[in-house]
J.: 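So that we are looking at the same thing, I have put the structure below in structure tokens.
Note that the coordinates shown come from a computational prediction; the quantities given were computed from them, not determined experimentally.
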Amino acid sequence: MPTSLTLPLPAVGAAVAASPVTAARVATPYRSRPLRLVATPAATASSSPSTSTSAVSSAPPSARHSRKHLAGRDGAPSKPTKPRVFFLDVNPLCFRGSQRSLSGFARWLALFFAHVSLRDPVVAVLDGEGGNEYRRRLLPSYKAHRTRGVGTGADSRVVDVLRECNVPVVRVHGYEADDVVATLTEQVLQKGYRVVIASPDKDFKQLISDDVQLVMPIPEIGRWSFYTLRHYVAQYKCDPTADLSLRCFVGDEADGVPGIQHLVPGFGRKTAVKLLQKHGSLENLLNTAAVRTVGKDYAQDALTKHADYLRKNYEVLSLKRDVNVQLDDSWLSTRNTYNDTSVLSDFILKFNNEGGS
């Protein structure tokens, strides 16, 4: 006989990178209701994990993910939509603020499978050992205030649950998950798919395009919310291609990357957006400022005096797209969801009984 487990939707999770305005635009008001998982007996993993030199994965079984044909207004078939592939950024979901919360991860994962990814392919990505070292050599303050380390967040229990739910798990030594996702995103797009990155990390906004979206956990309303190109333009009044250049000016406090305002207090977001709208990218702007005046005296002075500082920020904040990892075509298969209910029910119940650690 099936057993059932009813749990409240989570008001927990990683700190959300979106502003309240973003959350309001992306998400509609939501009335909290219980999340019900029904555990069925004899549910076992249908595939065994396989290992490559750069990734540890359980290859999702079943048929290829098919393209959907939507009927147009006149009843005729419209252009087929591109199939989706989800990348799940695991580590941030294992924390509530600065505290580890695997029960929170379990709830976010259950919501993600039930209401977001459904049967679409999902690839989970974790930080590799020593992933921060490259950026810390460039900027010692980079994530220096964080106590998280490999093994303190997404531990073996998280990896086991993902594998049992037929999700390949990728971790590349010497690279952060963000860089691995950025590299694999390029490979997926080349195969004609759309990409959805599931993460609260604002670093991924530099990847947004017509074919790349984000979906973020919003603890305040206990749900995942999509964030698209349209939302980005509405929030920042510029194109995502300028996102990385913009962040070089404003910095990233959460990652320990100071902006230019501590050097030039009058140089704020509005000034940066105005200049980037005209010149397109940080490098174009700096090269132009080196030979002629591009703005008011304080801005011109900042661009010429602190060009190296801004270029270093760019190198630190830029996601690498040349990680030594190769997309496995089996990861693009429709995900087998057979084990989801029993595996996630057991996982959530276990951490509830342990006090939500």
J.: Can you name the nearest heavy-atom pair linking Val323 to Thr183, along with the distance?
T.: N-OG1, 3.2 Å
J.: List the steps, then state whether side-chain contact (heavy atoms from CB on, under 4.5 Å) holds for Arg107 with Ile348.
T.: CA-CA 7 Å; Arg107 288 174 172 81; Ile348 294 174; 4.2 Å; yes
J.: For atom CG of Asp322, is the number of surrounding heavy atoms from other residues, nucleotides or ligands below 6.0 Å larger than 12?
T.: yes
J.: For residues 278-285, dump all side-chain donor-acceptor pairs below 3.5 Å to protein atoms at least two apart in sequence or in another chain.
T.:
residue, atom, partner, partner atom, Å
Ser281, OG, Asn284, N, 3.2
Ser281, OG, Asn284, ND2, 3.3
Glu283, OE1, Arg311, NE, 3.1
Glu283, OE2, Arg311, NE, 3.4
Glu283, OE2, Arg311, NH2, 3.0
Asn284, ND2, His279, O, 3.4

J.: Carefully, step by step, assess Val170 and Phe87 under the rule side-chain contact (heavy atoms from CB on, under 4.5 Å).
T.: CA-CA 10 Å; Val170 182; Phe87 287 107; over 6 Å; no
J.: How about OH on Tyr314, more than 12 heavy atoms from neighbouring residues, nucleotides or ligands closer than 6.0 Å, or not?
T.: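 Counting other residues, nucleotides and ligands, OH of Tyr314 stays at 12 neighbours or fewer.
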J.: Establish, yes or no, whether the cationic atom of Arg119 lies under 6.0 Å from the six-membered ring centre of Phe113 and within 45° of the ring axis.
T.: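 Not flagged: Arg119 not positioned over aromatic ring of Phe113.
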J.: Check whether any side-chain heavy atom of Leu276 sits under 4.5 Å from a side-chain heavy atom of Cys238, and report yes or no.
T.: no
J.: Hey, is the main chain of Cys165 close enough, under 3.5 Å, to the side chain of Arg335 for a donor-acceptor pair?
T.: yes
J.: Using side-chain heavy atoms (C-beta onward) and a distance below 4.5 Å, is Leu332 in contact with Val85?
T.: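 Leu332 reaches Val85 side chain to side chain.
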J.: Identify the two heavy atoms, one from Leu286 and one from Leu303, that lie closest to each other, and give their separation to 0.1 Å.
T.: CD2-O, 3.7 Å
J.: Considering only NZ, NE, NH1 and NH2 on the basic side and carboxylate oxygens on the acidic side, decide whether Asp178 and Lys320 come within less than 4.0 Å.
T.: no
J.: Would you say Gln213 and Arg84 make side-chain contact, with heavy atoms under 4.5 Å?
T.: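 No, their side chains stay 4.5 Å or more apart.
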J.: Taking the side chain as everything from C-beta on, heavy atoms only, tell me whether Leu184 gets closer than 4.5 Å to Gln326.
T.: no
J.: For Phe347 and Phe105, run side-chain contact (heavy atoms from CB on, under 4.5 Å): C-alpha distance rounded to whole Å, both residues' side-chain angles, the deciding distance at 0.1 Å, then the answer.
T.: CA-CA 10 Å; Phe347 193 53; Phe105 169 79; 3.8 Å; yes
J.: Do any N or O atoms from the side chain of Glu186 and from the backbone of Arg321 form a donor-acceptor pair under 3.5 angstrom?
T.: no
J.: Work out which heavy atom in Thr293 is nearest to a heavy atom in Gly295; give both atom names and the distance.
T.: CG2-O, 3.3 Å
J.: Are Asp239 and Thr241 close enough that a side-chain donor and a side-chain acceptor fall under 3.5 Å?
T.: yes
J.: For the pair Val172 and Asn324, evaluate side-chain contact (heavy atoms from CB on, under 4.5 Å) and give the outcome as yes or no after the intermediate values.
T.: CA-CA 8 Å; Val172 182; Asn324 184 23; 5.6 Å; no
J.: Going by heavy atoms in the side chains, are Val273 and Gln277 under 4.5 Å from each other?
T.: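 Yes. Closest side-chain heavy atoms under 4.5 Å.
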J.: Is Lys205 close enough and on-axis enough to Tyr227, meaning under 6.0 Å and within 45°, for cation-pi?
T.: yes
J.: Within the 4.5 Å heavy-atom criterion, are Leu93 and Leu88 side-chain neighbours or not?
T.: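 Side-chain contact under 4.5 Å: yes.
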J.: If every non-hydrogen atom of Ser199 is compared with every non-hydrogen atom of Trp224, which pair is closest and at what distance?
T.: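 Closest approach of Ser199 to Trp224, heavy atoms only: N-CZ3, 4.2 Å.
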J.: Is any side-chain heavy atom of Ile208 closer than 4.5 Å to a side-chain heavy atom of Leu214?
T.: yes
J.: Between Arg247 and Asp252, is there a salt bridge with N-O shorter than 4.0 Å?
T.: yes
J.: Would you check if the side chain of Gln206 reaches a backbone N or O of Leu317 as a donor-acceptor pair within less than 3.5 Å?
T.: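 Side chain of Gln206 to backbone of Leu317: a pair is present.
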J.: Report yes or no: does Ser101 contribute a side-chain atom to a donor-acceptor pair with the main-chain N or O of Gly104 at less than 3.5 Å?
T.: yes
J.: Is it true that a side-chain atom of Ser333 and a backbone atom of Ser330 form a donor plus acceptor pair closer than 3.5 Å?
T.: yes
J.: Could you report the tightest heavy-atom contact between Ser209 and Leu229, atom names first, then the distance?
T.: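 Shortest heavy-atom contact: O-CB, 4.1 Å.
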J.: Which residues pass the ring-ring contact (aromatic ring centres under 6.0 Å, His included) test with Phe86, not counting sequence neighbours?
T.: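 Partners of Phe86 under the ring-ring contact (aromatic ring centres under 6.0 Å, His included) test: Phe112.
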J.: Taking NZ, NE, NH1 and NH2 as the nitrogens, is one of them in Asp211 or Arg194 under 4.0 Å from a carboxylate oxygen of the other?
T.: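 Salt bridge flag = no for Arg194 with Asp211.
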J.: Taking the side chain as every heavy atom from C-beta outward, state whether Phe226 and Val116 have any atom pair closer than 4.5 Å.
T.: yes
J.: What's the verdict on ring-ring contact (aromatic ring centres under 6.0 Å, His included) for Tyr309 and His262, showing C-alpha distance, side-chain angles and the deciding distance?
T.: CA-CA 12 Å; Tyr309 176 89; His262 80 287; 5.7 Å; yes
J.: Could you measure the distance from the CG atom of Asp210 to the OG1 atom of Thr228? Nearest 0.5 Å is fine.
T.: 9.5 Å
J.: Would you please say whether a donor-acceptor pair under 3.5 Å links the side chains of Thr271 and Tyr298?
T.: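 Checked: Thr271/Tyr298 side chains pair up, N/O donor to acceptor below 3.5 Å.
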J.: Measure across Phe267 and Ala302 and return the closest heavy-atom pair with its distance rounded to 0.1 Å.
T.: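 In this case the closest contact between Phe267 and Ala302 is CD1-CB, 3.8 Å.
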J.: Applying side chain to side chain contact (heavy atoms under 4.5 Å, CB included), name anything that partners Glu176, two or more places apart in sequence or on another chain.
T.: Asp127, Asn132, Arg135, Tyr142, Lys143, Asp179
J.: Verify, without hydrogens or angle tests, whether Asn339 (side chain) and Glu164 (backbone) share a donor-acceptor contact under 3.5 angstrom.
T.: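 The answer is yes, because a donor-acceptor pair under 3.5 Å joins these two groups.
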